[in-house]
> 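Following this message is one structure expressed as structure tokens.
Quick note on labels: first sequence line is chain A, next is B, and so on, each numbered from 1.
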Amino acid sequence: MADNKKMVEEITSMDEDFARWYTDIVKKAELIEYASIKGCMVLRPYGYAIWENMQSIMDDMIKETGHKNVYMPMFIPESLLQKEKDHVEGFAPEVAWVTHYGNEKLTERLCIRPTSETLFCDHYKKVISSYRDLPKLCNQWCSVMRCEKTTRPFLRTAEFLWQEGHTAHATAEEAQEETIKMLNVYADFFKDALAIPVVKGQKTEKEKFAGAEATYTIESLMHDGKALQSGTSHNFGDGFAKAFGIQYTDKENKLQYVHQTSWGSTTRMIGAVIMVHGDDSGLMLPPKIAPIQVVVIPIAAHKPGVSEKADEIYNILKKTYRTEIDTSDKNPGWKFSEYEMKGVPIRIEIGPRDIENNSAVIVRRDTREKIFVSLDELPEKIGETLEAIHQNMYNKALENLNARTNTAKDFDEFKKVLEEKGGFVKAMWCGNRECEDEIKAQTAATSRCMPFEQETISDKCVCCGKPAKKLVYWAKAY
RNA sequence: CGGGGCGUGGCGCAGUUUGGUAGCGCACUUGGUUUGGGACCAAGGGGCCGCAGGUUCAAAUCCUGUCGCCCCGACCA
């Protein structure tokens, strides 16, 4: 038995090690607890606080670009869901159905929203009649439900929290502009709030959203070399408008269909943060979204003056930074590990030695560097250090992204590069679905996006050798 | 739905081959000593051994059935 177990451990792939590392972090950092409801998870206070910080920054950015928040019902009547053919085909297999209201059996069942396009369409049909009513720029924060067959904390859960923006415009050009604008908002958010660099581009036909004319994506790279679709922005053209009959009268008194977009980002972003920045000591949170930016840890708190000084520091810092103090009776070593596991960017140690020197020790989560700072300069130094941590985290993630982005001219090279280096492989593609399927079948890699910044690596498709149309980023993905 | 595995205190497991007082680590409670990298000592609480039958003087252990969960294959933010 023991031998067998050992053997299993020895042949355990890196993938499984990484998976174990990941699930360990989400539990030990107290982000989630598994719910007793299939596929769902309990977001615990610390995990939810991370989401709230993300939400607050993202919400500002969405409002900054002229959008207003609204709230739609969580139920969608079956007939409404079915109005757009591609959309219903894409989502029907994974929706949950409500069949009863109390004891009364419904004549038409209601699904729990897997996404709210159809509800927004139904609404827009009612409130849009003139070009003067356009554009409609709405956003909703809510949870949606998709009965996934396999789930994973944050990356794929049955119910998840997200923001979904839904807009309606007079022209195709305006809709396209909006689609790209919001994709850029996501990319900026990843860089400025999450310290994660992304690749921006368009999804292929195979990978695009059910019902969309075009889907754009930001793709980030986890430090195990797998890609993660981290936010998407869709241009619907007038497909939904025609299916739902959303029309307006233009300046020439002619009836026109609106052009729509939608874009969403989810709690999956927390998964991205864990897998991009985390290390062997646990989570590492970018300062902007960290629920605790600074934790004060008194050393030998029973010795004279220590408690008082620690309190004093805490009270000063909490005015400017999200600060906590840990006065529990755990020993310091335990506390150090605990807050590293939780990804707190800075910890401050204050003990008898520091009090003698009127100083404190600040320790960076990202570099473990210990910096001795005089108490007078402390608040200022904290600000500088938080900024430096963000920069350093971004730079490291960018280094990893660059190091793991390689090119391949033919299929043999493609397989070799993917096998040896992981990450993104840039390669040319003929535009045919068959080649995407073939590449996936042979390598497990999927097309992540056709980047905005196109290059010509070769004139032949990496798979079939026919003339190439597009440069594609390929990768194994979550 | 096809292949593999597992159900034993809150969590992680041992015990099952060969039936004989339910154990270990972590966590928890109390008291004390500690405190600059996951402390130590002492005492304590907590289990219809997934469920239902059967065999037996005796079942966590053997037999039958059943339920649940996890991993691998087809989809997805």
Side-chain angles (χ1 to χ4, degrees), chain A residues 1-2 4-5 8 12-13 15-16 19-20 23-24 27-28 33-34 36-39 89-95 114-115 143-152 154-164 186 203 206-210 212 215-220 227-234 262-272 281-282 297-303 306-307 310 326-342 347-357 359-363 368 370 372 437 440-441 444 446 448 477-478:
Chain A
M1 279 300 267
N4 190 23
K5 203 167 181 178
V8 169
T12 293
S13 67
D15 281 4
E16 283 171 19
R20 204 166 299 140
T23 47
D24 236 43
K27 284 215 78 168
K28 285 191 185 156
E33 183 54 63
Y34 294 95
S36 43
I37 298 113
K38 191 174 170 54
E89 273 175 21
F91 283 104
E94 56 187 37
V95 295
T115 178
S143 76
V144 291
M145 182 77 195
R146 299 179 189 176
C147 306
E148 302 289 352
K149 290 189 179 84
T150 56
T151 59
R152 196 152 189 220
F154 296 115
L155 303 184
R156 190 171 307 118
T157 49
E159 184 186 10
F160 58 87
L161 293 165
W162 77 347
Q163 128 322 278
E164 50 177 329
Y186 289 153
K203 285 287 188 188
K206 173 180 155 83
E207 300 285 334
K208 78 177 188 187
F209 181 81
T215 290
Y216 300 87
T217 177
I218 54 169
E219 299 281 326
S220 53
L228 184 73
Q229 180 173 317
S230 303
T232 47
S233 186
H234 317 288
S262 86
W263 23 275
S265 64
T266 78
T267 35
R268 172 179 273 193
M269 293 189 291
I270 298 173
S281 304
I297 298 178
I299 310 289
H302 59 287
K303 300 236 168 105
V306 173
S307 263
D326 189 339
T327 55
S328 71
D329 59 3
K330 300 277 190 193
N331 68 37
W334 190 92
K335 292 178 185 175
F336 297 163
S337 302
E338 178 67 10
Y339 292 100
E340 273 165 19
M341 175 62 68
K342 290 192 151 183
R347 86 159 174 267
I348 297 179
E349 300 174 18
I350 177 86
R353 292 211 296 265
D354 305 298
I355 289 167
E356 272 176 39
N357 304 327
S359 70
V361 184
I362 75 181
V363 185
R368 313 272 172 131
K370 290 196 172 192
F372 297 83
D437 290 340
K440 185 173 184 189
T446 51
R448 303 317 307 158
Y478 279 102

> I'd like to know if A:H302 reaches the base of B:rU34 with its side chain, counting only an N/O donor and acceptor under 3.5 Å.
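When only heavy-atom distances are counted, A:H302 does not reach the base of B:rU34 through any donor-acceptor pair under 3.5 Å.
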> May I have the distance from A:R268 (atom CZ) to B:rA77 (atom C1'), rounded to whole angstrom?
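Roughly 4 Å, once rounded to whole Å.
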> How many Å lie between CD1 on A:I297 and C1' on B:rG36, as a whole number?
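Distance, rounded to whole Å: 11 Å.
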> From CZ of A:R347 over to P of B:rG37, roughly how many Å is that when rounded to an integer?
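Answer to the nearest Å: 9 Å.
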> Atom NZ of A:K330 to atom P of B:rA39: distance rounded to whole Å?
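Value for this atom pair: 9 Å.
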> Please report, rounded to the nearest Å, how far the P atom of B:rG38 is from the CG atom of A:N331.
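Taking atom P of B:rG38 as the reference, CG of A:N331 is at 7 Å.
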> Between B:rC6 and B:rU61, how far apart are the two P atoms, rounded to whole Å?
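One P to the other, the span is 16 Å.
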> NZ of A:K206: more than 12 outside heavy atoms within 6.0 angstrom?
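Atom NZ in A:K206 is packed in, count exceeds 12.
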> The side chain of A:S337 is closest to which nucleotide in this list: B:rA77, B:rG38, B:rU35?
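When the side chain of A:S337 is considered, B:rG38 is the closest of B:rA77, B:rG38, B:rU35.
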> Expressed as a whole number of Å, how far does the C1' atom of B:rC69 sit from that of B:rU8?
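That atom pair is separated by 15 Å.
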> Given B:rG37, B:rG38, B:rA77, identify the nucleotide with an atom nearest to the side chain of A:T266.
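Of the candidates, B:rA77 comes closest.
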> Let's see if you can work this out: which of B:rA77, B:rU35, B:rC75 has an atom nearest to the side-chain heavy atoms of A:I299?
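Looking only at heavy atoms from C-beta outward on A:I299, the closest nucleotide is B:rU35.
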> Contact class for A:L228 vs. all strands (heavy atom < 4.0 Å): base, sugar-phosphate, or nothing?
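The residue A:L228 makes no contact with any strand.
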> Which comes earlier along RNA chain B counting from the 5' end, the contact point of A:K440 or that of A:E340, where each point is its nearest nucleotide?
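Nearest-nucleotide comparison on RNA chain B picks A:E340.
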> Within the distance-only criterion (no hydrogens, no angle test), does the side chain of A:K335 pair as donor or acceptor with the backbone N or O of A:D326 below 3.5 angstrom?
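Yes, A:K335 side chain to A:D326 backbone: donor-acceptor pair under 3.5 Å.
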> Can you measure A:Y186 atom OH to B:rA77 atom C1' for me and round it to whole angstrom units?
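For the pair A:Y186 OH and B:rA77 C1', the rounded distance is 10 Å.
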> Could you tell me whether the side chain of A:R146 and the main chain of A:P114 form a donor-acceptor pair under 3.5 Å?
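Between the backbone of A:P114 and the side chain of A:R146 there is a qualifying donor-acceptor contact (under 3.5 Å).
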> Donor-acceptor pair, A:R268 side chain versus A:L155 backbone, under 3.5 Å?
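Pair found, side chain donor or acceptor close to backbone of A:L155.
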> When the P atoms of B:rU64 and B:rG25 are compared, how many Å lie between them, rounded to an integer?
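To the nearest whole Å, 36 Å.
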> Could you please name the option among B:rG36, B:rG38, B:rG37 that lies closest to any side-chain atom of A:E349?
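When the side chain of A:E349 is considered, B:rG36 is the closest of B:rG36, B:rG38, B:rG37.
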> Within the distance-only criterion (no hydrogens, no angle test), does the side chain of A:E164 pair as donor or acceptor with the backbone N or O of A:G264 below 3.5 angstrom?
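Between the backbone of A:G264 and the side chain of A:E164 there is no qualifying donor-acceptor contact (under 3.5 Å).
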> Under the rule for ring pair (Phe, Tyr, Trp, His ring centres under 6.0 Å), what residues qualify as partners of A:F209, not counting sequence neighbours?
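Once residues adjacent in sequence are excluded, the partners of A:F209 under the ring pair (Phe, Tyr, Trp, His ring centres under 6.0 Å) criterion are A:H87, A:F91, A:H234, A:F236.
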> Could you tell me how far apart A:D329 (CG) and B:rG38 (P) are, to the nearest whole angstrom?
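Distance check: A:D329 CG to B:rG38 P gives 17 Å.
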> Hey, does A:G264 reach any base, or is it just sugar-phosphate, or nothing, if we go heavy atoms under 4.0 Å?
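No contact.
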> What integer number of Å spans the C1' atoms of B:rC75 and B:rC1?
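Those two atoms are separated by 14 Å.
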> Would the distance check show the side chain of A:K203 and the main-chain N or O of A:R448 forming a donor-acceptor pair, the cut-off being under 3.5 Å?
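Yes, A:K203 side chain to A:R448 backbone: donor-acceptor pair under 3.5 Å.
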> Identify all stems in which RNA chain B takes part, counting only runs of at least 3 consecutive pairs (Watson-Crick or G-U wobble, each distance under 3.5 Å), and give each as one range with another, ordered by first number.
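As far as RNA chain B goes, consecutive pairing (with distances under 3.5 Å) yields the stems B:1-7 with B:67-73, B:10-13 with B:23-26, B:28-33 with B:39-44, B:50-54 with B:62-66.
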> Ignoring the backbone of A:R353, work out which of B:rC75, B:rG36, B:rG37 is nearest its side chain.
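Nucleotide nearest to A:R353's side chain: B:rG36.
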> Can you tell me the distance, in whole Å, between the NZ atom of A:K28 and the P atom of B:rG10?
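So the two atoms are 21 Å apart, to the nearest Å.
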> I want to verify a distance call: between B:rG36, B:rG37, B:rA77, whose nearest atom is closest to the A:P332 side chain?
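The answer is B:rG36.
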> Using a heavy-atom cut-off of 4.0 Å across all strands, would you classify A:T157 as base, sugar-phosphate, or nothing?
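It contacts base atoms.
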> Taking the C1' atom of each, how far is B:rG47 from B:rG7, in whole Å?
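Rounded to whole Å, the distance is 14 Å.
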> Please classify the nucleic acid contact of A:V144 as base, sugar-phosphate, or nothing, using heavy-atom distances under 4.0 Å.
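Nothing, no nucleic acid heavy atom in range.
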> Taking atom P in both B:rC48 and B:rC11, what distance in whole Å separates the two?
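Pairwise P distance, B:rC48 against B:rC11, rounds to 12 Å.
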> List for me each residue that meets side chain to side chain contact (heavy atoms under 4.5 Å, CB included) alongside A:T157, sequence neighbours excluded, and say none if there are none.
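With neighbours one apart ignored, the set is A:M41, A:F160.
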> Where the side chain of A:W334 is concerned, which of B:rG38, B:rG36, B:rA77 is the nearest nucleotide?
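So the side chain of A:W334 is nearest to B:rG38.
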> When all nucleic acid strands are considered with a 4.0 Å heavy-atom cut-off, which category describes A:P352: base, sugar-phosphate, or nothing?
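Base: the residue A:P352, judged by heavy atoms under 4.0 Å, touches a nucleobase.
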> Work out how far the P atom of B:rU35 is from that of B:rG45, and round it to whole angstrom.
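Result for the P pair: 31 Å, nearest Å.
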> Return yes if a side-chain donor-acceptor contact under 3.5 Å exists between A:Q229 and A:T217, otherwise no.
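Judged by distance alone, the side chains do not pair up.
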> On a whole-Å scale, what distance lies between the C1' atoms belonging to B:rG32 and B:rC13?
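Each nucleotide's C1' atom is 32 Å from the other's.
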